[in-house]
Amino acid sequence: MSILVVNQPLRNHGDEAAHRAFIHALRKALPGKAIKLLFVAEKPEEVAAFDVRDPMVEYICLTPDRMFYKAVKGSMLYGLPCKKLIWKMSSTAREMMREFSAAEAVVCAPGGTCLGVQQSWRHLMIMYMAVRSRAKTAYWGRSIGPFPTENRNQRVFRRYAVECLKSFGFVSLRDRFSMELAGQMGVSAVEVTDSAFLEKPEIPLPEYIARLAAGGPYTVFVPNVLNTMAGFRQLGEERTAGFFSEVLRIILSRTEGRVFMLPQLFCAGDKGDETFFRRIAGAVADGRVTVLGEDCSSDLQQSLVAGADCVVGARYHSVVFAINSGRPFVAFSYEHKISGLLRILGLEDRMIDLQAGIFDSPESEKAALAAFGEKLAALSPCSREPAAEKVREGFSKLIKFLTDEKL
C-alpha cells in the first residue's frame, strides 16, 4: 500500500520548491509508507527535474493513448454513461483507475488554480477519477476559483469542480480568497499557506554567483510576462516588458548594489522567463543586473533570496521565497493566490494589485510605478513563522486524515 500523489505541476521552480518540501514532510511524517507520483502526458526528463531521489518515492510517467484525450474533456461534457464507456476504452484511464484503487490514499499535489481560472480539464478529470475509484482522496494546498459561467463549458466545469471538492475527504486551501469561495459553495476546507513553507532549504551558492553576491547588498527581482494569465491576455509582451523595465529602473535608482533576476519557469523555450528577463535587462542596460539561467534550482534560488536586501516579485513563489527567508519584499499581485496569501498573513500593505486596472491607461501605470517606489522606500523585514506555523498545522491535519486519526 502506498500514498499516490497526482496533478503535480512541472516546469516551474516555485512548484519544485513546494513539491520537495511536501514530499520531504510526507516521508518524515509517514516513514514506513511508499509514495508514488503519477504523471500523465508529461516528459520524463521534466519529471526527473523534480525527483527528490528517495528510494521510497517513485515517479510514474504514463504515455496517454488517443482515447485518453477524448476522455479528459469529452466525457466530462457529455455525462456519466459516456465517462464509463471512454474510461473502459482508454488503456491509460484503466491503468490510472488501477493505481487509484490500489493506493491507500490519493493526494492532489500542491499547486495553483487548475480548479478555477486555469480551467484544467485534465486536472479535473484526474481528480474525478480518483473520487469515482472510491479511494480516500485529499486535495492539498491549492488555490481555487474563480469559476466563470459565461458559456456551457465553464458551467459544466464549475459543476464537476464543486462536486469533486465536496466529495474529497480532506480539502486544504492556501489563500483567503479560495477559503471564502469554498465557504460560499458549501465546501469544508482547512486554511493553510504554501507547501514551500514546510522547509527552509540552504545550499552553498555556485562560485560565480557567490562571488557576485559577495560584492555588496543585492536585490532579487522576478518579473512576469503576464499575458498568459486570465485578465492580462490582451497585453502584448512589449507592454509588460516596458512596465517591468521601469520597475527595474526604480530598483536601480534606489540602490548601489546588484540586482539578480531569477527565472521560475523552465523548459518553455523562448516563452520561458529567462528570455523575457533578458529582454528587460537589455532595455535597461545596467551592468549591475544579472539574469541567472533557468536551470537555477529552487533550493539555489531560496539560498540566494536568503541573503538579499529585498525581493521584488511578480510571480507567486518569488513572494513565498521572500517570506520563507524573512526578507523585505514588494509583491505585484496578478492573481488572487498572491493577494489571498498576503491577506492570511496580514501583509497586504506590501502589494501592488495588478488587477486594479493598472494597464487601463498610461496614467494608471505611472500611478502604480509611483506607489511601487513608495513601498520600496518603506521596506521592513517580515517573519517566516506565521506562514510556517499555518502550513504545519494544516499538514498535521492531513496526516491525521491519511492515518485515520480524528481531526
More than 12 non-hydrogen atoms from neighbouring residues, nucleotides or ligands closer than 6.0 Å to [atom1] on [X], yes or no?
X	atom1	answer
Arg254	CZ	yes
Asp349	CG	yes
Glu256	CD	no

Does the ring center of [X] lie less than 6.0 Å from the ring center of [Y]?
X	Y	answer
His24	Phe395	no
Phe359	Phe243	yes
Phe329	Phe321	no

Where do [X] and [Y] come nearest, in terms of heavy atoms and distance?
X	Y	result
Gln154	Glu150	OE1-N, 2.8 Å
Pro146	His336	CD-CE1, 3.7 Å
Leu402	Ala105	CD2-CB, 3.6 Å
Gly14	Asn12	N-OD1, 2.7 Å
Val391	Ser195	CG2-CA, 4.2 Å
Phe197	Val320	CE2-O, 3.5 Å

Given 3.5 Å as the limit, does a donor-acceptor pair link the side chain of [X] with the main chain of [Y], or not?
X	Y	value
Arg142	Ala109	yes
Ser133	Ser101	no
Arg155	Thr149	yes
Asn224	Ala314	yes
Asn7	His123	yes
Arg122	Ser120	no
Thr193	Lys390	no
Glu294	Cys267	yes
Ser364	Gly357	yes
Asp273	Gln264	yes

[X] vs [Y] side-chain heavy atoms within contact, under 4.5 Å:
X	Y	result
Phe332	Ile358	no
Thr275	Lys271	no
Leu115	Leu124	yes
Phe221	Val289	no
Thr255	Tyr218	no
Lys375	Arg350	no
Phe177	Ile144	no
Arg239	Gln234	no

Could you measure the distance from the [atom1] atom of [X] to the [atom2] atom of [Y]? Nearest 0.5 Å is fine.
X	Y	atom1	atom2	value
Ile251	Asp309	CD1	CG	12.0 Å
Arg233	Thr228	CZ	OG1	7.5 Å
Ile35	Ser2	CD1	OG	9.0 Å
Tyr160	Ser167	OH	OG	12.0 Å
Ile323	Leu342	CD1	CG	5.5 Å

- Message: Under the salt bridge (Lys or Arg N to Asp or Glu O under 4.0 Å) test against Asp54, which residue among Lys36, Arg27, Arg20 passes?
- Response: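 Looking at Lys36, Arg27, Arg20, the match for Asp54 under the salt bridge (Lys or Arg N to Asp or Glu O under 4.0 Å) is Arg27.
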- How are the rings of Tyr59 and Phe39 set relative to one another: parallel (under 30°), tilted (30 to 60°) or perpendicular (over 60°)?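 Ring orientation, 0 to 90° scale: parallel.
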Under 4.0 Å between a Lys/Arg side-chain N and an Asp/Glu carboxylate O for [X] and [Y]?
X	Y	result
Glu191	Arg343	no
Glu104	Lys136	no
Glu363	Lys366	no
Glu199	Lys28	no

- Task: Could you walk me through whether Glu274 and Arg278 pass the salt bridge (Lys or Arg N to Asp or Glu O under 4.0 Å) test, one step at a time?
- Result: CA-CA 6 Å; Glu274 184 178 348; Arg278 292 194 184 283; 3.0 Å; yes
- Task: Take Cys310 and Val330 through the side chain to side chain contact (heavy atoms under 4.5 Å, CB included) test and state the conclusion after the steps.
- Result: CA-CA 8 Å; Cys310 72; Val330 180; over 6 Å; no
- Task: Would you check, one step at a time, whether the test salt bridge (Lys or Arg N to Asp or Glu O under 4.0 Å) holds for Arg174 with Asp194?
- Result: CA-CA 6 Å; Arg174 66 182 184 178; Asp194 195 82; 3.1 Å; yes
- Item | Steps toward salt bridge (Lys or Arg N to Asp or Glu O under 4.0 Å) verdict (Glu385, Arg392) | CA-CA 10 Å; Glu385 192 51 35; Arg392 284 196 296 260; 2.3 Å; yes
- Message: Does Leu26 form a side chain to side chain contact (heavy atoms under 4.5 Å, CB included) with Trp140? I'd like the steps, not just the answer.
- Response: CA-CA 12 Å; Leu26 277 180; Trp140 167 256; over 6 Å; no
- Using the side chain to side chain contact (heavy atoms under 4.5 Å, CB included) rule, take Val225 and Phe232 through it: C-alpha gap first, then chi angles, then the decisive distance, then the call. CA-CA 9 Å; Val225 73; Phe232 300 98; over 6 Å; no
- Task: Check each of Thr290, Leu292, Ile280 against Met261 using the side-chain contact (heavy atoms from CB on, under 4.5 Å) test, and report the only one that passes.
- Result: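 The single option meeting the side-chain contact (heavy atoms from CB on, under 4.5 Å) with Met261 is Ile280.
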- Could you walk me through whether Val156 and Trp121 pass the side chain to side chain contact (heavy atoms under 4.5 Å, CB included) check? CA-CA 11 Å; Val156 172; Trp121 286 93; 4.0 Å; yes
- Message: Walk me through whether Arg279 and Ser245 qualify under side chain to side chain donor-acceptor pair (under 3.5 Å).
- Response: CA-CA 9 Å; Arg279 178 176 181 177; Ser245 295; over 6 Å; no
- Audit row: Glu16, His13, side chain to side chain donor-acceptor pair (under 3.5 Å) steps and yes/no: CA-CA 5 Å; Glu16 176 193 3; His13 289 302; 2.6 Å; yes
- Task: Starting from the C-alpha separation in whole Å, work towards a yes-or-no answer on salt bridge (Lys or Arg N to Asp or Glu O under 4.0 Å) for Lys43 and Glu45.
- Result: CA-CA 5 Å; Lys43 296 178 180 178; Glu45 63 270 22; 5.0 Å; no
